[in-house]
Number of protein chains: 2
Amino acid sequence: MSIKFQPPDDAAQDATRQHLLEAAGEVFAEVGFHSATVREICQRAGANVAAVNYHFRDKDGLYAAVLTESLRLSLKKYPADMGLPPKATPEQRLHAFARSFLWRIFSTGAESRHGRLMAREMVEPSAALDPMVKEHIRPLSDLLMSIVSDLLGDKADPQTIRLCAMSVVSQVVFYHHCRPVLSRLFPSVKFDPVSIDHLADHITRFSLAGIKSAAGKRAPACLPGK
Amino acid sequence: MSIKFQPPDDAAQDATRQHLLEAAGEVFAEVGFHSATVREICQRAGANVAAVNYHFRDKDGLYAAVLTESLRLSLKKYPADMGLPPKATPEQRLHAFARSFLWRIFSTGAESRHGRLMAREMVEPSAALDPMVKEHIRPLSDLLMSIVSDLLGDKADPQTIRLCAMSVVSQVVFYHHCRPVLSRLFPSVKFDPVSIDHLADHITRFSLAGIKSAAGKRAPACLPGK
DNA sequence: ACGAATTTAAAACAAGTGTTTTACTTGTCA
DNA sequence: TGACAAGTAAAACACTTGTTTTAAATTCGT
């Protein structure tokens with residue numbers, strides 16, 4: 001029988017379908033779902049206006065496809081295991097986590113779209129956020145919490161682990177999310193590779209000290225009474 | 001001459017103008033500038049569709065007015081000097097800064113709009129962001145940097161001050177900005193008053209340790225070689 | 001090469017948008 | 001009271017949006 005083989009990795013299956021995904025990724029990341037127009041996307045893709053409705057049911061279907069595709073791209077370039085040495089110290093693993101996270105977020109290629117799309121999801125969550133958290137963010141979160149747990153020691157309660165883990169990621173995503181304010185407050189700060197590495201160093205040192213402090217917490221220490 | 005007096009504080013000047021500002025604040029905060037429709041705003045305000053164009057030049061003018069008004073409300077409820085004891089320790093001032101910031105961001109009344117509007121500005125900056133940074137965010141940033149500077153000691157370089165200050169605010173705004181992900185990762189975490197105070201305690205302790213560590217930085221310590 | 005299925009193209013559709021126009025009401029001072 | 005300004009109301013305008021329709025073109029197995 002002459003049934004067509006499944007294309008090896010659905011690569012270059014349909015030309016216009018791929019062009020559409022590419023163009024839509026750009027436009028959605030640039031102006032967001034609502035401000036993005038099907039016409040603009042199709043024009044960039046060199047396709048007809050009806051192409052979106054033919055290949056992806058509707059605009060929402062296209063957006064969902066873009067989101068999962070952008071995630072695939074981002075994971076391909078920055079795998080979740082982020083090239084750690086197999087028997088690294090928790091300190092090294094924390095540093096690798098922060099650094100790779102920063103690199104992922106501040107990448108400049110097509111794989112940077114996922115970060116920008118996710119930033120928009122934060123302010124206007126779509127139906128595609130749930131699976132995104134389950135399949136992508138949850139594993140990263142678990143990985144970080146295991147690192148933090150190792151740093152805190154055995155007697156750390158889950159809440160402390162969670163708080164410390166959030167303190168780490170917050171510093172990472174902050175520079176991406178608040179960039180409009182940062183660039184206005186400090187026009188001199190750049191996000192070139194060496195700056196990003198310096199940033200990773202700072203975040204790691206800062207967080208290691210914070211975690212160590214949280215590990216030995218008993219009384220609220222130097223905090224003023226409520 | 002019978003020239004009308006300037007209303008004392010432009011309070012309740014025009015009824016519909018105020019209603020429009022109120023309704024627009026809600027709608028803009030809920031769905032963003034682009035998705036907000038003039039008709040929805042006018043309907044909530046009990047006004048005619050043409051009211052927006054009459055009282056504020058156009059939709060953009062209304063948005064700008066909403067943003068400055070929301071800032072005024074937020075500052076009225078949470079003044080920038082945040083009720084600090086006049087001669088408090090840097091540690092106390094840091095704690096007050098973090099706590100009041102969290103309270104401001106997680107407030108539930110009409111004054112919570114500013115935080116949500118600013119979150120949207122982060123992902124899609126408008127022309128109104130520049131004055132907002134100059135008049136509101138810059139002073140807060142300077143205040144925090146002075147606190148951090150006191151904690152770091154005299155020999156701290158500006159970059160370290162800046163990095164540490166950003167590490168502090170990042171932890172604060174993170175819980176607001178990434179709430180969609182947080183609520184999916186940890187459905188149990190709440191943001192009631194006592195949780196917010198606990199959060200402020202954690203951020204303060206974590207950051208104090210981090211700052212102290214940054215103060216004594218010389219060699220990259222335990223960081224792995226590049 | 002033929003014919004059926006798939007894909008593309010142009011045009012039109014239907015709904016929703018911000019804005020403007022025009023007329024009407026209201027309140028104020030001479 | 002009566003003209004005059006300020007505010008409101010209803011309707012229509014001009015435009016953009018996502019989507020559908022209809023027809024043409026292309027692809028591909030036989």
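Computed from a predicted structure; not experimentally measured.
In this view, B:Asp60 and B:Phe33, B:Asp58 satisfy the side-chain contact (heavy atoms from CB on, under 4.5 Å) rule, not counting sequence neighbours. Partners of B:Glu30 according to the salt bridge (charged side-chain N to carboxylate O under 4.0 Å, His left out) rule, which considers only residues two or more places apart in sequence or in another chain, are B:Arg44. Residues that satisfy the side chain to side chain donor-acceptor pair (under 3.5 Å) test with B:Lys77, not counting sequence neighbours, are B:Glu111.
Between the CG atom of A:Asp14 and the P atom of C:dT7 there is a distance of 5 Å, rounded to whole Å. At whole-Å resolution of the value, NZ in A:Lys59 and C1' in D:dG18 are 8 Å apart. Here C:dG18 presents its C1' atom at 10 Å from CG of B:Asp60, a figure rounded to the nearest Å. Nucleotide D:dT19 holds its P atom 15 Å from the OH atom of A:Tyr63, rounded to whole Å. Residue A:Leu20 contributes atom CG, which lies 13 Å from atom P of C:dT7 at whole-angstrom precision. Nucleotide C:dT8 holds its C1' atom 16 Å from the CZ atom of A:Arg17, rounded to whole Å. The interatomic distance linking A:Gln18 (CD) with C:dT7 (C1') rounds to 16 Å, in whole Å.
Of the possible donor and acceptor atoms, one in the side chain of B:His202 sits under 3.5 Å from a partner among the backbone N and O of A:Leu163. Looking only at distances, no side-chain donor or acceptor of A:Ser74 sits under 3.5 Å from a matching main-chain atom of A:Ser70.
Near DNA chain C, meaning a heavy atom under 4.0 Å away, the residues from residues 34-41 of chain B are B:Ala36, B:Thr37, B:Val38, B:Arg39. Only A:Val49, A:Ala50, A:Asn53, A:Asp58, listed by number, bring a heavy atom of residues 42-58 of chain A to less than 4.0 angstrom from any atom of DNA chain D.
For A:Thr16 and C:dT7, the shortest distance from a side-chain N or O to OP1 or OP2 is not below 4.0 Å.
Put simply, the side chain of A:Cys42 reaches to within 4.5 Å of the side chain of A:Val52, judged on heavy atoms.
Salt bridge status for B:Arg113 with B:Glu22: present, with a side-chain N to carboxylate O gap under 4.0 Å.
Heavy-atom minimum distance, B:Ile137 versus A:Leu185: CG2-CD1, 4.1 Å.
Sequence neighbours left out, the pairs with a member in residues 112-144 of chain B that pass ring-ring contact (aromatic ring centres under 6.0 Å, His included) are B:His114-B:His136.
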